[in-house]
Peer 1: 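Pasting a structure below so you can have a look.
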There are 2 protein chains.
Amino acid sequence: MLHKYALSIVLKRSFHQFNSIRSFSQKITMANKTALALLANGSEEMELVITVDVLRRAGVNVTVAGVANAEPTKCSRDVVVVPDKSLQDVAKDVFDVVILPGGLGGTDEFIASPLVGEVLKAQQSSDRLIAAICAAPLALKAHEIGIGKSITSYPSVKDKLTADYKYVDDQLVVQDGKLITSRGPGTAYQFGLKIAEVLVGGDKAKQVASGMLVNC
Amino acid sequence: MLHKYALSIVLKRSFHQFNSIRSFSQKITMANKTALALLANGSEEMELVITVDVLRRAGVNVTVAGVANAEPTKCSRDVVVVPDKSLQDVAKDVFDVVILPGGLGGTDEFIASPLVGEVLKAQQSSDRLIAAICAAPLALKAHEIGIGKSITSYPSVKDKLTADYKYVDDQLVVQDGKLITSRGPGTAYQFGLKIAEVLVGGDKAKQVASGMLVNC
């Protein structure tokens with residue numbers, strides 16, 4: 001009888017420990033979502049900074065990677081941002097999402113970079129999330145990412161995308177499977193919040209939006 | 001007769017030249033609007049970058065000044081921005097507007113800086129524009145700027161401001177004379193556009209908003 005009682009206690013403790021470990025593990029998993037945000041000369045600073053800031057508020061571990069190097073980088077309206085790393089340093093690491101901010105100059109650098117192409121193709125072939133805003137969907141096309149999917153972009157580059165994608169005009173953010181696209185600086189909060197929603201859930205994204213005083 | 005005719009030509013030319021000079025001078029005046037955006041450790045990067053970017057799109061000559069120095073500065077969500085100058089270098093220059101982004105850490109540094117106080121007091125005593133968003137109105141209070149005026153702020157710091165200001169809860173941006181205040185990251189576009197409207201006019205501000213896909 002004592003033996004059975006002791007066993008029952010052991011089992012109850014084990015079950016409790018299992019649940020604690022599972023809960024702890026879930027928290028760790030939640031905390032460990034990762035994002036790689038690319039930065040090049042001429043990237044649109046609002047689109048970069050809003051997306052990075054929103055995701056960090058959501059608890060995502062974001063790395064800002066300079067496509068050329070880790071030196072201070074002049075954005076499209078001359079704001080100078082220092083990347084956390086060079087893309088070369090993190091190109092083999094695994095990230096839950098790879099993010100491309102817009103800006104025509106930055107997008108041209110994304111297009112010209114074979115390393116950006118490699119990172120995007122690896123991300124696509126392992127079925128992980130890719131997100132691009134404003135002019136940056138042009139870099140998706142150049143590196144043959146998500147061809148045939150529904151996307152949006154900054155309106156002025158639409159004509160260069162309609163042959164390869166199902167172009168959506170009437171939504172601020174478009175998600176098609178593991179591809180998220182958006183339109184411009186004025187839709188960057190919604191873009192960041194959509195990525196947050198996919199990575200850490202709608203409740204957390206809503207909490208972040210509320211803290212920023214953004215009405216979604 | 002010839003003499004009169006020659007005089008008439010000279011006068012017409014002079015009038016034409018006067019108009020050309022006046023038009024040129026107006027263009028120069030429009031192009032020469034200047035803004036000083038303060039940056040400190042812990043400043044909210046979205047509020048800084050959105051305001052700076054919006055004003056540069058509007059043709060305003062913006063200087064980002066590091067309160068401590070001109071070194072790379074870590075913002076509230078770890079985005080690192082390099083100021084254009086140190087505040088010390090530009091503290092005696094004349095700017096059409098002095099802008100304080102929010103972020104509690106950055107605001108604390110603004111409050112602790114006697115130089116920020118000097119710059120704000122000089123701006124106020126010469127009746128030029130001051131603009132603060134989010135937590136930054138606390139720095140206005142600390143340096144006794146615009147006491148008694150209508151202002152707004154990030155909701156959580158309201159209680160520290162109601163004794164010294166007419167607090168407005170229900171507007172995204174509040175202008176009272178030469179003081180413009182706003183609420184948080186989600187109102188930063190409206191904040192930047194209001195400053196642009198005051199400096200370069202409503203038409204230009206609307207054009208900038210439209211280019212960014214911001215609906216005002």
Side-chain angles (χ1 to χ4, degrees), chain A residues 37 39 44-64 66 70-84 102-103 133-134 152-156 172 182-193 208-216, chain B residues 37 39 44-64 66 70-84 102-103 133-134 152-156 172 182-193 208-216:
Chain A
L39 168 61
E44 218 303 325
E45 45 269 73
M46 297 189 285
E47 293 167 356
L48 174 81
V49 168
I50 290 171
T51 313
V52 170
D53 190 321
V54 166
L55 288 174
R56 284 181 176 158
R57 283 169 182 253
V60 176
N61 186 358
V62 185
T63 300
V64 178
E71 297 300 307
T73 302
K74 190 171 273 198
C75 295
S76 67
R77 270 73 188 180
D78 291 346
V79 173
V80 178
V81 174
V82 186
D84 301 315
I133 184 168
C134 195
T152 192
S153 72
Y154 193 75
S156 68
L172 303 185
S182 186
R183 311 208 83 199
T187 68
Y189 282 110
Q190 287 74 20
F191 177 64
L193 288 165
V208 170
S210 168
M212 298 188 304
L213 313 180
V214 168
N215 298 319
C216 293
Chain B
L39 168 61
E44 218 303 325
E45 45 271 70
M46 297 189 286
E47 293 166 356
L48 174 80
V49 169
I50 290 171
T51 313
V52 170
D53 191 321
V54 166
L55 288 174
R56 285 180 176 159
R57 283 169 182 255
V60 175
N61 186 357
V62 185
T63 300
V64 178
E71 297 300 308
T73 301
K74 191 171 272 200
C75 295
S76 67
R77 270 72 188 182
D78 292 346
V79 173
V80 178
V81 174
V82 186
D84 303 314
I133 184 168
C134 195
T152 191
S153 73
Y154 193 75
S156 68
L172 303 184
S182 187
R183 312 207 82 199
T187 69
Y189 282 110
Q190 287 75 20
F191 177 64
L193 288 166
V208 169
S210 168
M212 299 188 303
L213 312 181
V214 168
N215 298 319
C216 293

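This one's a predicted model, so the numbers in the text were calculated from it and none came from an experiment. Every chain is numbered from 1 and lettered A, B, ... according to where its sequence line falls, protein lines coming before strand lines.
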Peer 1: Among the options B:L48, B:D53, B:V54, B:V80, pick out the one with the most heavy-atom pairs lying under 4.5 Å from chain A.
Peer 2: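 That would be B:D53.
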Peer 1: Examine whether an atom of A:P155 lies under 4.5 Å from a heavy atom of chain B, and if so say whether it belongs to the side chain, the backbone or both; otherwise answer neither.
Peer 2: side chain
Peer 1: Grab the two heavy atoms, one from A:R56 and one from B:R77, that are nearest each other, plus how far apart they are.
Peer 2: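 That closest heavy-atom pairing would be NH1-O, 2.7 Å.
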Peer 1: Show the nearest heavy-atom pair for residues B:G186 and A:V214, with the distance to one decimal.
Peer 2: CA-CG2, 3.5 Å
Peer 1: Side chain of A:Y154, backbone of B:L213: donor and acceptor closer than 3.5 Å?
Peer 2: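 No, A:Y154 side chain to B:L213 backbone: no donor-acceptor pair under 3.5 Å.
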Peer 1: Please name the pair of heavy atoms, one in B:P185 and one in A:R57, separated by the smallest distance, quoted to 0.1 Å.
Peer 2: CG-NH2, 3.8 Å
Peer 1: Kindly write out the residues that satisfy side chain to side chain donor-acceptor pair (under 3.5 Å) with A:S182, not counting sequence neighbours, or none if the list is empty.
Peer 2: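 Scan of A:S182 (side chain to side chain donor-acceptor pair (under 3.5 Å), adjacent residues dropped) gives A:T187.
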Peer 1: What option among B:S156, B:G211, B:A188 has the most heavy-atom pairs under 4.5 Å with chain A?
Peer 2: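 Highest number of pairs under 4.5 Å: B:G211.
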Peer 1: Quick one, B:V64 and A:D78 - any side-chain contact, counting heavy atoms below 4.5 Å?
Peer 2: no
Peer 1: What pairs with A:E45 under side chain to side chain donor-acceptor pair (under 3.5 Å), at least two apart in sequence or on another chain?
Peer 2: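 So A:E45 forms a side chain to side chain donor-acceptor pair (under 3.5 Å) with A:S76.
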Peer 1: Do A:V79 and B:V81 come within less than 4.5 Å of each other through their side chains, counting heavy atoms only?
Peer 2: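 The answer is yes; the side chains approach within 4.5 Å.
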